[in-house]
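Any value given below was found using the heavy atoms of this structure, including those in side chains, with hydrogens, waters and symmetry copies removed. Proteins get letters first, then strands, A, B, ... in listed order; numbering begins at 1 in each.
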Amino acid sequence: MSDLYERIYTIVRQIPQGRVTSYGAIARCLGTKSGARMVGWAMNASHVTNVYVPAHRVVNRNGMLSGKHHFGGSTVMEDLLKSEGIEVVDDQIMDFGKHFWDPFVELKIKI
DNA sequence: AGCCTGACCTAGG
DNA sequence: TCCTAGGCCAGGC
């Protein structure tokens, strides 16, 4: 596994329960060169990985569950988020800004 | 090797 | 304010 993937997984694993972040935020945290698409690609690969990655806490910048179809089931992602106390309506996270978890702030302290 | 695609984002018209 | 185009990198064919 490449370093990039590992770094992405590390960041995603830092997301606390009931919080969410965006692909772009993670991408920026790693440096814009990586690109937000790579984060999504890494999430896709995370299904195969033996390490647990809470990919359901990562959404696009609008707070929309663009990756729900990749969870195998149809409402698995939505269910997981709801079980963590996040309100999801019509594939959209309510109060996204409220639940938003900024990698910059946390990683500044953690790393 | 080249082309197409993808769980994205930003900028310009 | 909505729509289009471009940029980014990795993988499949």
**OP:** Mind checking which stems touch DNA chain C? I mean at least 3 consecutive Watson-Crick or G-U pairs, both distances under 3.5 Å.
**Re:** B:2-6 with C:9-13, B:8-13 with C:2-7
**OP:** Taking only heavy atoms on the protein side, list every residue of residues 63-86 of chain A lying under 4.0 Å from any atom of DNA chain B, sorted numerically.
**Re:** Ser66(A), Gly67(A), His70(A), Phe71(A)
Original post:
Which atoms form the tightest heavy-atom contact between Leu80(A) and Ser83(A), and what is the distance?
Top reply: O-OG, 2.6 Å
Subject >> Along DNA chain C, first and last positions that approach a heavy atom of chain A under 4.0 Å >> reply: dG7(C) to dG11(C)
Residues 16-30 of chain A side chain polar contacts: donor-acceptor under 3.5 Å, at least two apart:
unit_1	atom_1	unit_2	atom_2	d
Arg19(A)	NH1	Phe100(A)	O	3.4
Thr21(A)	OG1	Trp101(A)	O	3.0
Ser22(A)	OG	Ala25(A)	N	3.2
Tyr23(A)	OH	Val58(A)	O	3.3

Original post:
Does a distance-only test, which skips hydrogens and angles, find a donor-acceptor pair under 3.5 Å between the side chain of His56(A) and the base of dA7(B)?
Top reply: no
Original post:
Would you say the side-chain atoms of His56(A) and Glu84(A) include a donor-acceptor pair closer than 3.5 Å?
Top reply: yes
Original post:
Do other residues, nucleotides or ligands put more than 12 heavy atoms under 6.0 Å from the CD atom of Gln92(A)?
Top reply: yes
Original post:
With a non-hydrogen cut-off below 4.0 angstrom, is Asn60(A) in contact with a base, only sugar-phosphate, or nothing?
Top reply: sugar-phosphate
Original post:
Could you give the CZ-to-C1' distance, from Arg61(A) to dC9(B), as a whole number of Å?
Top reply: 8 Å
**OP:** Taking the side chain as every heavy atom from C-beta outward, state whether Lys68(A) and Val76(A) have any atom pair closer than 4.5 Å.
**Re:** no
Original post:
Can you name the residues that form a side-chain contact (heavy atoms from CB on, under 4.5 Å) with Val48(A), not counting sequence neighbours?
Top reply: none
Original post:
Between dC3(C) and dA7(B), how far is it from one C1' atom to the other, in whole Å?
Top reply: 22 Å
**OP:** Could you state the atom-to-atom distance from CD1 of Ile8(A) to C1' of dC8(B) in whole Å?
**Re:** 12 Å
**OP:** Please answer whether the main-chain N or O of Ala42(A) pairs with a side-chain N or O of Tyr9(A) as donor and acceptor at a distance below 3.5 Å.
**Re:** yes
Original post:
Within the distance-only criterion (no hydrogens, no angle test), does the side chain of Asp95(A) pair as donor or acceptor with the backbone N or O of Lys98(A) below 3.5 angstrom?
Top reply: no
Subject >> Contacting residues from residues 30-43 of chain A, given that a heavy atom lies under 4.0 angstrom of DNA chain B >> reply: Ala36(A), Arg37(A), Met38(A), Gly40(A), Met43(A)
Subject >> His70(A) backbone acceptor or donor facing His47(A) side chain under 3.5 Å >> reply: yes
**OP:** Would you indicate whether the side-chain heavy atoms of Val59(A) and Ser66(A) approach each other to under 4.5 Å?
**Re:** no
Subject >> Separation of atom CZ in Arg57(A) from atom C1' in dA7(B), rounded to whole Å >> reply: 17 Å
Original post:
What nucleic acid atoms does Ala27(A) come within less than 4.0 Å of, heavy atoms only: base, sugar-phosphate, or nothing?
Top reply: nothing
Original post:
Would you call Met43(A) and Val53(A) a side-chain contact if the rule is heavy atoms closer than 4.5 Å?
Top reply: yes
Subject >> Beyond-backbone contact of Leu65(A) with Leu81(A), side-chain heavy atoms, under 4.5 angstrom >> reply: yes
Original post:
At what distance, to the nearest 0.5 angstrom, does CD of Glu87(A) lie from CZ of Phe96(A)?
Top reply: 15.0 Å
